[in-house]
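Read the structure below first, then the notes.
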There are 2 protein chains.
Amino acid sequence: MKELSGKQADILEFLRSFIEEKDYPPSIRDIQEGCGISSTSVVDYNLRKLEEKGCIRRDREVSRGIEILGARGRRPRIVEVPLLGSIAAGQPIPVPTSDRWANDSDETVAVTEEMVRHKANVFALRVKGTSMVEDLIDDGDIVFLEPAQSAVNGDRVAVWLKDRGEVTLKRFFHEGDRVRLQPANSTMDPIYTTPENVEVQGRFISSIRPSD
Amino acid sequence: MKELSGKQADILEFLRSFIEEKDYPPSIRDIQEGCGISSTSVVDYNLRKLEEKGCIRRDREVSRGIEILGARGRRPRIVEVPLLGSIAAGQPIPVPTSDRWANDSDETVAVTEEMVRHKANVFALRVKGTSMVEDLIDDGDIVFLEPAQSAVNGDRVAVWLKDRGEVTLKRFFHEGDRVRLQPANSTMDPIYTTPENVEVQGRFISSIRPSD
DNA sequence: TGTGGCGGCGAACATTCGTTCGACGAGGCT
DNA sequence: AGCCTCGTCGAACGAATGTTCGCCGCCACA
């Protein structure tokens, strides 16, 4: 007996939409009204069935303690990543000096945790320009970076160029006593500088292309 | 008086973590215990303050009717996009013939609504191969498609090639009485075929690169 | 020194809510 | 017919929960 009765499916559907709308689960009597059921005990009865079948989990001794199980109901773990600004071959960007993002008016990007590899303190930047287009990072993309102070060869990092006073996203190569910052765009030349002049700000994690 | 007292900040923080963990809001007494407050009325008092300051919204006559306001607390609208399989220059994929995704065991990808342009019935495919790499779609990427039966020149579409019995992601060009399916990879040749032989399955919306 | 607002306290109260109980009808089975 | 299960119903009980009320200490301020 794995099938859901019509009423059980109704309740499950109501559960979803109620939670979606209100952000908290319905009470038994909410379900009763919402599904046009005449008695609370019927709701309770079917809720138990639903629980037996593994569709929901109920928290007894807690009102509204209903949780939808399964991929469909599980709330994906979302992180709001602060979108700190833009990065290019140009404009300097503000970089967090602490882990406090107290300013709630900051723009954020909401993504699933897996997009930022479950790392903490990740921040996002909007890419301006096409210097990394061959690494599949295009103008307008949003990149996620984790704070980092160092890089190994080949890492894509946001680096602060002290002499220019600007931050740029490039592939990092340590070559003897100099540093090569390699764009992933064959029409652009690498930047050569000294280790003293560069300060790694963050390491590339992933990117999204929010607009087509 | 816009500042939050220490206790109010505590409560707000507790609210966040409680909801994050349990998926439903705490009761007054949950807050009382969780924040080490000695009376429910103190909780009520500060909850009112919080409401005055616009941090939360309370649903009176509903237990646990607390909702966190603002970007930090607002639940981002998430859609679970069914990940139907892979697409490449090769394997056929199952394509939905109806709008029912009844099979809950299907793998899904959770993304924010803006990733799919708030469209309905979007589905996702994992890209195999590098035929679209110059369009910044690489091997392993996940692409989001909307169901479509037609395409205009230049659209990136998933097309069903009847004679080959396979589905592939290409740029679509109608040229006279033939159709050119153009890979975005200069090492690959376009596919020429007839309009009768191609059946557009979906139009490219956006892509993510879940792993580095 | 008195006054009033603020934040807190504990207890009682009123409502909401989950659960239980007895009963009923429709079917299936012996 | 007798007996069982399933799904339903209405009512009531009791636990969980939100709200109110009087009282208190602190502190700024007149």
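In what follows, every chain begins at residue 1, and chains take the letters A, B, ... in the order their sequences are listed.
A:Arg29 is linked by a side-chain hydrogen bond (donor to acceptor under 3.5 Å, both in side chains) to nothing, counting only residues two or more places apart in sequence or in another chain. Residues meeting the salt bridge (charged side-chain N to carboxylate O under 4.0 Å, His left out) test with B:Asp44, sequence neighbours left out: B:Arg48, B:Arg58. Annotation: salt bridge (charged side-chain N to carboxylate O under 4.0 Å, His left out) contacts of A:Arg64 (sequence neighbours excluded): A:Asp30. Scored by the side-chain hydrogen bond (donor to acceptor under 3.5 Å, both in side chains) test, A:Thr193 finds A:Asn197 as partners (sequence neighbours excluded). In this structure A:Phe18 satisfies the ring-ring contact (aromatic ring centres under 6.0 Å, His included) test together with A:Phe14, sequence neighbours excluded. For A:Ser39, the side-chain hydrogen bond (donor to acceptor under 3.5 Å, both in side chains) partners are A:Ser41, not counting sequence neighbours. In this structure B:Gln32 satisfies the side-chain hydrogen bond (donor to acceptor under 3.5 Å, both in side chains) test with no other residue, sequence neighbours excluded.
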Polar-atom pairs under 3.5 Å, protein N or O versus N or O of nucleotides 20-25 of chain D: list them with distances, or write none.
from   : atom 1 : to      : atom 2 : distance (Å)
D:dT20 : OP2    : B:Arg48 : NH2    : 2.7

Grab the N/O contacts between the protein and nucleotides 24-27 of chain C below 3.5 Å, and write none if there aren't any.
none

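Taking atom CD1 on A:Ile28 and atom P on D:dA15, their separation rounds to 17 Å, with Å as the unit. The interatomic distance linking B:Leu47 (CG) with D:dT17 (C1') rounds to 13 Å, in whole Å. We find that OH of A:Tyr24 is positioned 21 Å from P of D:dA16, with the value rounded to whole Å. Taking atom NZ on B:Lys49 and atom C1' on C:dG7, their separation rounds to 9 Å, with Å as the unit. Atom pair A:Leu50:CG and C:dG18:P shows a separation of 15 Å (rounding to whole Å applied). In this structure, A:Asp10 atom CG and D:dT8 atom C1' are separated by 15 Å, rounded to whole Å. In this structure, A:Asp30 atom CG and D:dT17 atom P are separated by 15 Å, rounded to whole Å. Here the P atom of nucleotide D:dT17 and the CD1 atom of B:Ile66 are 12 Å apart, to the nearest Å.
Of the side-chain N and O atoms in A:Arg58, one or more sit less than 4.0 angstrom from OP1 or OP2 of C:dT19. For the pair B:Arg29 and D:dA16, the criterion of a side-chain N or O lying under 4.0 Å from OP1 or OP2 is not met. For D:dT8, one of the phosphate oxygens OP1 or OP2 lies less than 4.0 angstrom from a side-chain nitrogen or oxygen of A:Asn46.
The closest donor-acceptor contact from the side chain of B:Arg203 to the backbone of B:Ser150 lies under 3.5 Å.
In this structure, of C:dG8, D:dC9, D:dT17, it is D:dC9 that holds the atom nearest to the side chain of A:Ile37.
Heavy-atom nearest nucleotides on DNA chain C were determined for A:Val62 and for B:Ser38, and the one closer to the 5' end corresponds to B:Ser38.
Test B:Ile66, B:Asn46, B:Ile56 against B:Ile11 for side-chain contact (heavy atoms from CB on, under 4.5 Å) and you get one pass: B:Asn46.
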